[in-house]
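Residues: numbered from 1 along the sequence shown. Both backbone and side-chain heavy atoms feed into the values below; hydrogens, waters and symmetry mates do not. Just so it is clear, the structure is predicted and the values come from calculations on it, not from any experiment.
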Amino acid sequence: MAGSVTISHYTIGNVRRINFSVVADAAAATIPDTVLPKFQGRLLALHTNPGATAPTANYDITLIDGDGLDRLQSVGLNRHTTSSEQVPVVYTSTSVNPPVSVDETLTLTFANNAVNSAIIVGNLYYLLGGA
């Protein structure tokens, strides 16, 4: 079975949540890159939860923009194989959350997983508003 990523979008007042459910390929452990639906606001936090078939320790999640930059500011790197984790998304050495403009294309990527059929569930939280 090919790897898959399912995206859902939820509203919680002015805070929005993009949920992603991932199943790695059954034979090659790969996960497809996935373009997120367009949104606008400020990134707040990344939450990840490994599933019953846990991914490789220190797997990586990035949110790549049109310039090839990780909009998660590297907080999605080296995720835990068995524990849920939540981290704020802020510019390094600041408390400023990165803005996202509605005209940007952002691609969710996963790397460094070697477990066939690994499961990852996660949420990307953002504050609705002008970027």
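Using a 4.5 Å heavy-atom cutoff, the side chains of V89 and L63 are not in contact. Side chains of V90 and V96 form no contact here, defined as non-hydrogen atoms less than 4.5 Å apart. Looking at heavy atoms from C-beta onward, P88 lies out of side-chain contact with V75 at the 4.5 angstrom threshold. Within the 4.5 Å cutoff, the side chain of V100 has no heavy atoms near those of the Y126 side chain.
Residue I7 is tested with L36, L124, N19, V35 for a side chain to side chain contact (heavy atoms under 4.5 Å, CB included); the sole match is L36. Under the side chain to side chain contact (heavy atoms under 4.5 Å, CB included) rule, S4 has a single partner from T34, D25, V23, which is V23.
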Just do the side chain to side chain contact (heavy atoms under 4.5 Å, CB included) check on I31 and Y59 with the steps written out, would you?
CA-CA 11 Å; I31 301 168; Y59 70 94; over 6 Å; no
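With values rounded to the nearest 0.5 angstrom, I12 atom CD1 is found 12.0 Å from L128 atom CG. With values rounded to the nearest 0.5 angstrom, T81 atom OG1 is found 8.5 Å from N58 atom CG.
The minimum heavy-atom distance between Y125 and Q86, with the atom names listed, is CE1-OE1, 4.4 Å. Residue A29 comes nearest to A24 through the heavy atom pair O-CB, 3.6 Å, listed as atom of the first residue, atom of the second, then distance. Between E104 and K38, the closest heavy-atom pair is O-NZ, 3.0 Å. D33 and F110 get closest at one heavy-atom pair: OD1-N, 4.5 Å. Counting all heavy atoms, side chain and backbone alike, N123 lies closest to F20 at N-CE2, 3.8 Å. For the pair R42 and P99, the tightest heavy-atom approach, listed with the atom from each and the gap, is NH1-CD, 3.5 Å.
When atom types are taken as modelled, the side chain of D67 and the backbone of L69 share no donor-acceptor pair closer than 3.5 angstrom. The backbone N or O of Y10 sits nowhere less than 3.5 Å from a side-chain atom of R17 that would complete a donor-acceptor pair. Put simply, the side chain of D70 never gets that close to the backbone of I64: no donor and acceptor are under 3.5 Å apart. Within the 3.5 Å criterion, the main-chain N or O of Y91 finds a donor-acceptor partner in the side chain of T94. When atom types are taken as modelled, the side chain of N14 and the backbone of L127 share no donor-acceptor pair closer than 3.5 angstrom. Checking side-chain atoms of D60 against main-chain N and O of N78 turns up a donor-acceptor pair under 3.5 Å.
Side-chain heavy atoms closer than 4.5 Å link hydrophobic residues (I, L, V, M, F, W, Y) into clusters, and following such links, possibly through other members, connects I120 to V5. Tracing side-chain contacts under 4.5 Å through hydrophobic residues (I, L, V, M, F, W, Y), one never reaches L108 starting from L77; they form parts of separate clusters.
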In residues 45-56, what donor-acceptor pairs under 3.5 Å come from side-chain atoms, sequence neighbours left out?
{"from": "T48", "atom 1": "OG1", "to": "R79", "atom 2": "NE", "distance (Å)": "3.1"}
{"from": "T48", "atom 1": "OG1", "to": "R79", "atom 2": "NH2", "distance (Å)": "2.9"}
{"from": "N49", "atom 1": "OD1", "to": "S84", "atom 2": "OG", "distance (Å)": "3.0"}
{"from": "T56", "atom 1": "OG1", "to": "N113", "atom 2": "OD1", "distance (Å)": "3.4"}
{"from": "T56", "atom 1": "OG1", "to": "A114", "atom 2": "N", "distance (Å)": "2.6"}

